[in-house]
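Have a look at this one.
Note that the structure is predicted; figures quoted are calculated from it, not measured. Order of the sequence lines sets the chain letters (A, B, ...), proteins ahead of strands, with each chain counted from 1.
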There are 2 protein chains.
Amino acid sequence: MNIDATDMEVRAHAEHHASLRLWLRLLSCTTRIEDTIRQRLREQFGITLPRFDLMAQLEREPQGLSMSELSRRMMVTGGNVTSIVDQLEKEQLVQRQMQASDRRSFTVSLTEAGRTAFAAMAQAHEGWVVELLAPLAANQQEHLQALLGTLKSGTPTHSKETK
Amino acid sequence: MNIDATDMEVRAHAEHHASLRLWLRLLSCTTRIEDTIRQRLREQFGITLPRFDLMAQLEREPQGLSMSELSRRMMVTGGNVTSIVDQLEKEQLVQRQMQASDRRSFTVSLTEAGRTAFAAMAQAHEGWVVELLAPLAANQQEHLQALLGTLKSGTPTHSKETK
DNA sequence: TATTGTTATACTCTATAACTATA
DNA sequence: TATAGTTATAGAGTATAACAATA
């Protein structure tokens, strides 16, 4: 637009546009997969994604987690964790256990039924993920993993010329 | 687990696990960026992501879109589009216009104020995206775009050995 | 009859804030 | 005082289904 636009500015505009297109594609790919998984979890197991995620957190920590730790890991506020745990407890998939050391707190863990149910769901879930990522060959998946690692860590492997 | 497990099965298990890790990383990267954008849109412009998305759809189609077309493009049901358009119309950012050809339908488009407001939001939005993707150099972003294109299209560039 | 859009309802997730019990 | 967790409230987004007007 500017008559004084330099090559660098032109290039910067083009790169900005490319970043925006990349973000829209990243978002649409992820959303499409997530929606598919969400729908299948609901249809086949009658469970929502946040509940599945909470159970997955507990599955990784057999000794259980406190409400506040769950809140931190799931990045949602405490009140929400309470309601999700309430629902899962009603279905006897998780249990609250008193802690002798601190009577304000307690430990949430999977019940035996919860472990069994989660195992079936996790197996199906993994199958869906494999299926939905199948358009990418194994070496492409590795490459994608590496690129996303760079994006996540915030550590560029190549320095950028533009400030 | 199985005593008869062949090398292929072992490899398949390893690849399945890698796919799952890739999916979790894809999800966390995307969610992190999306949450940041959502939060900034709310704080700086008092708008939600679905409303921003609807305005973005309209910005691309100056002649406007019908409710059903908006519903299709945003992949949400008609009732939801009605409520989002209602809110934006109340803020005078979009307008409903009668269509002579079909009196059941009408055209939704950005108002002048809506175009102005959207321009400011879109510019900020693009800047955030550039910032959040900055850990990746330009050539890495191109690579990521290509890989996601393969994932999206469902057309593997390499055939897979496993059925 | 089919389609366009609205309305009503219900549910989940979310954040905020006030609250209780314990440390 | 501070912390762990709960409760209450409000709001957004979503799907479903019944509905009115028009084609």
N-O pairing of A/Arg96 and A/Asp86 below 4.0 Å: yes
Shortest non-hydrogen contact between A/Gln141 and B/Ser19, atoms and distance: OE1-OG, 2.8 Å
Check against salt bridge (Lys or Arg N to Asp or Glu O under 4.0 Å), B/Arg72 and B/Glu69: CA-CA 5 Å; B/Arg72 196 186 64 72; B/Glu69 182 60 22; 2.9 Å; yes
Closest non-hydrogen atom pair, B/Gln57 against B/Leu70: CB-CD2, 4.0 Å
With A/Arg42 via salt bridge (Lys or Arg N to Asp or Glu O under 4.0 Å) - residues at least two apart: none
CA sep, side-chain torsions, deciding dist, call: A/Trp23, B/Ile37, side chain to side chain contact (heavy atoms under 4.5 Å, CB included): CA-CA 11 Å; A/Trp23 164 240; B/Ile37 290 174; 3.7 Å; yes
A/Thr107/A/Gln63 under side chain to side chain donor-acceptor pair (under 3.5 Å): CA gap, chis, key distance, verdict: CA-CA 8 Å; A/Thr107 289; A/Gln63 81 285 5; over 6 Å; no
Side chain to side chain donor-acceptor pair (under 3.5 Å) partners of B/Asp35, counting only residues at least two apart: none
A/Ala100 vs A/Val76, nearer the 5' end of DNA chain C by closest nucleotide: A/Val76
Sorted by number, the residues of residues 34-58 of chain A with heavy-atom contact under 4.0 Å to DNA chain C: A/Thr48, A/Pro50, A/Arg51
Covered region of DNA chain C, 5' end to 3' end, by chain A [heavy atoms, under 4.0 Å]: C/dT12 to C/dA23
By side-chain contact (heavy atoms from CB on, under 4.5 Å) - contacts of A/Ser109 (at least two apart): A/Gln95, A/Gln97
Closest non-hydrogen atom pair, B/Gly149 against A/Arg25: CA-NH1, 3.3 Å
Sugar-phosphate or base contact per nucleotide [nucleotides 3-10 of chain D; S, B, -; heavy atom under 4.0 Å]: BSSBB---
